[in-house]
Amino acid sequence: MIAGLRRLTVVATVFAGLSLAAGPMLAAGPARAEIAALVIGIDKYSRINPLQGAVNDARDIADALKGLGVRKLRLFVDGEAERSRIIAAWRQLIAETSPDSTLVLTFAGHGAQQPERVPGSEADGLDEFLVLADFAPRGPGTAQRLTDDEIAVLFKEAAPRRVIFVSDSCHSGTMTRAFDDRAGKLGTRAATIDGVPVDRIEDDALPPPTRAALQAEAEEQPNVTFFAAVADHELAPEVMIDRKPRGALSWAFANALRGQADRDGDGVVTKGELEAHIRGAVRMALEGRQHPQVQPRGRGEVPLIDPVAGRPKPPSLLPAAGAIPLRILGKPAAVKTLAAGFTGIEPAGKDDAALVWDSASGEVVSSTGDVLASIPGDPATPETRRRVQGVIDKWALVLRVKAAAQDRSLALAVEPGDRDYRKGETVSLDIGGNSGTYFTLINLAADGTVNYLYPLADRKDPPQIPRGGPYRLALTVEPPFGADHFLAIASSKPMAALQRDLAALDGKPAAAEVAALLNRHLAGQPVEFGIHGVYSTAR
């Protein structure tokens, strides 16, 4: 047994997540084409439930675009996001740009569905729409929305200009595990009134779509690349990233514009690189809970201007350790006493906790709503506190590795999917996207226990794996249950000393020591990190 996951075999396999063949997306050197952008973010809705992170998303993307030198940029937040203004701004960008330009449209806010207005026009019988600030589901306010067929017309008007559309809204990833509300859930980007979903339009102020609009939506538009937070039938969560409410898709896209998607460092970000970055970054940030959608997949060139001037060098060290915001649930008089003696923490409230320790049940919950560990027993005993400290140390390492992996992340995926697993089930970890071929893999159990997985001398594991992958590790789930995290490292140089020291930690709760070893042995060389959670439960 290896702390909940027992290694079976290592086999080569095809890694579908990196099978894209595409041309340059963000071209280095002199600009091939001008880029112009319309960026929208809405938190404050006049009649439906508000959001917290959409304006943060819009401003972050706008800042990233300005860093690329984009001058033709329209930013609409909250009440500025009015239907006629948006349509006029888009058409103005078309008029101001040449046919070889690239137009970027991003939307962060509520999305909704309604029964199709023209019977038989939608495969699922539903029209999707983006919800604007003054939308109402009845009467004149119904006009404050943008329907899928209208958006298709706007994109067709932009042709032959290339269009990149990023919709960080619901009904545009998936939430694959139950969310534990002790984590302080921010909610989703689904429009509701008093908790009731907006799924009907009455006294519609918009006319039915024209035949031309329906045709535009039905047609493949080769000039458009579309990134959606989730599938049409799914809900997009708001999450805390860097202690701010955000949408994970917008966060990943802004970082991609800053050059983090340039996996091979050649100054060109291809469509495949952009897709891999967004999928990997969102998966890593949300522990596999959300899976963005991309349409179309694996198709041709979509060049933009140079995004990678001043791109930070790939990190060779973990960032400095920061205090983990910890919230303790329990009797108020005991909480302060329980917090005393922990290292590497700071008190946190409901909205900004990275970890929540329910001292009554013994469960430790992450900000992503997952139960990381169950530590029953008297919360005041040294043994219980030691084990909780192990969870804190492990989570601190997870966050530091995620930060280090943002620029040059390995692509990790769990098959048959991201969900809660039970005893005896077999799972596999697929590893790809590596430019370095020297490879090391460990597992961190819920309490920070280290399990050294690769390379193993008794299995005669080769020290190198194929460049770009694919590689597969098969495992079976065994107790104890909770959160296991695979930590993968790829380098262009052998890592024998690191591997020797990590192997010496096998079976020990030593997450803090792992961080020190990585910094000691990897200083001064480019490395690629990947980290992926696997969750198991006895229920």
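Residue numbers run from 1 in the order of the sequence given. Here the structure is a predicted model, which is why all the values come from computation and not from measurement.
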Would you check if L103 and T97 make a side-chain contact, meaning some heavy-atom pair closer than 4.5 Å? yes
CG of D484 to CG of L487: how many Å apart, nearest 0.5 Å? 12.5 Å
Heavy-atom side-chain proximity of L146 to R83 below 4.5 angstrom: yes
Kindly compute the distance separating OH (Y421) from OG (S536), expressed to the nearest 0.5 Å. 11.0 Å
With the side chain counted from C-beta on, respond yes when L473 and S428 share a heavy-atom pair under 4.5 Å apart, and no when they do not. no
I'd like to know if K402 pairs up with E287 as an ion pair, taking the criterion as any Lys NZ or Arg NE/NH1/NH2 lying under 4.0 Å from an Asp or Glu carboxylate oxygen. yes
For the side chain of R283 and the backbone of A413, is there at least one donor-acceptor N/O pair under 3.5 Å apart? no
R327 side chain vs W357 backbone, donor-acceptor pair below 3.5 Å: no
Between R161 and I94, what is the shortest heavy-atom contact and its length? NH2-O, 3.0 Å
Got a donor-acceptor contact below 3.5 angstrom from the N255 side chain to the Q260 backbone? no
Heavy-atom closest pair, residues Q406 and H277: O-CE1, 3.9 Å
Could I get the full list of side-chain hydrogen bond (donor to acceptor under 3.5 Å, both in side chains) partners for R71, not counting sequence neighbours? none
Pairwise distance CZ(R211) to CG(D149) - rounded to 0.5 angstrom: 14.5 Å
So, does D370 use its side chain to make a donor-acceptor pair with the main chain of L372 at under 3.5 Å? no
Could you tell me whether the side chain of Q293 and the main chain of F227 form a donor-acceptor pair under 3.5 Å? no
Would you find a donor on one side and an acceptor on the other, under 3.5 Å apart, between the side chain of Y45 and the backbone of V131? yes
For the CD1 atom of I35 and the CD1 atom of I164, what is their distance to the nearest 0.5 Å? 6.5 Å
So L429 and I431, do their side chains get closer than 4.5 Å, heavy atoms only? yes
Closer than 4.0 angstrom, basic N to acidic O: yes or no for E238 and K244? no
Could you walk me through whether V163 and T225 pass the side chain to side chain contact (heavy atoms under 4.5 Å, CB included) test, one step at a time? CA-CA 6 Å; V163 174; T225 301; over 6 Å; no
Check the pair F486, L475 against side chain to side chain contact (heavy atoms under 4.5 Å, CB included), reporting the backbone distance first and the verdict last. CA-CA 12 Å; F486 294 107; L475 308 107; 3.6 Å; yes
Could you check if a side-chain atom of R279 sits within less than 4.5 angstrom of a side-chain atom of E275, using non-hydrogen atoms only? yes
Search all heavy atoms of V55 against all heavy atoms of G41 and return the closest pair with its distance. CG2-O, 3.7 Å
When you check the side-chain N and O atoms of T537 and D420, is any donor under 3.5 Å from an acceptor? no
Under the side chain to side chain contact (heavy atoms under 4.5 Å, CB included) criterion, do E425 and R419 qualify, and how do the steps go? CA-CA 12 Å; E425 289 189 283; R419 58 178 175 84; 3.1 Å; yes
Test item: I531 and M284 side chains (from C-beta on) under 4.5 Å apart, heavy atoms: yes
Is it true that E80 and R85 have a side-chain N and a carboxylate O under 4.0 angstrom from each other? no
For the residue pair F165 and F155, is the inter-centroid distance of their aromatic rings smaller than 6.0 Å? yes
Looking at CD1 of I193 and CD1 of I48, how far apart are the two atoms once the value is rounded to the nearest 0.5 Å? 7.0 Å
With no hydrogens and no angle check, is any side-chain donor or acceptor of E219 less than 3.5 Å from a backbone partner on Q221? no
With N49, which residues qualify under side-chain contact (heavy atoms from CB on, under 4.5 Å), at least two apart? H110, T192
Is D203 salt-bridged to R138, going by a charged N under 4.0 Å from an acidic O? no
Between V198 and P137, the two heavy atoms sitting closest are CG1-CB, 4.1 Å
Residues 53-66 vs salt bridge (Lys or Arg N to Asp or Glu O under 4.0 Å), sequence neighbours excluded, gives D57-R189, D57-R246, D60-R246, D60-R258, D63-R258
Applying side-chain contact (heavy atoms from CB on, under 4.5 Å) to L38 and not counting sequence neighbours gives I40, R74, F76, I86, A89, W90, L93, L105
Backbone N or O of E128 within a donor-acceptor pair of the D148 side chain at under 3.5 Å? yes
Side-chain heavy-atom pair T142, L206 within 4.5 angstrom cut-off: no
Would you check if S46 and D134 make a side-chain contact, meaning some heavy-atom pair closer than 4.5 Å? yes
For the aromatic rings, using the six-membered ring if either is Trp, is the centroid distance between F129 and F135 under 6.0 Å? yes
Can you tell me how far apart OG (S167) and CD1 (I151) are? Round to the nearest 0.5 Å. 7.0 Å
Where the side chain of K394 meets the backbone of L444, is there a donor-acceptor pair that is under 3.5 Å apart? yes
Please enumerate all residues that pass salt bridge (Lys or Arg N to Asp or Glu O under 4.0 Å) together with D358, with sequence neighbours excluded. R182
Could you tell me which non-hydrogen atom of V77 sits nearest to which non-hydrogen atom of A58, and how far apart they are? CG1-CB, 4.4 Å
Report the residues that fulfil side-chain contact (heavy atoms from CB on, under 4.5 Å) with A212, sequence neighbours left out, ordered by chain and then residue number. T210
Decide yes or no on side chain to side chain contact (heavy atoms under 4.5 Å, CB included) for L355 and S367, but give the supporting numbers first. CA-CA 6 Å; L355 294 178; S367 61; over 6 Å; no
Can you tell me if D78 uses its side chain to pair, donor with acceptor, with the backbone of K44 under 3.5 Å? yes
Restricting to non-hydrogen atoms, name the atom on A62 and the atom on L73 that form the minimum distance, rounded to 0.1 Å. O-CD2, 3.9 Å
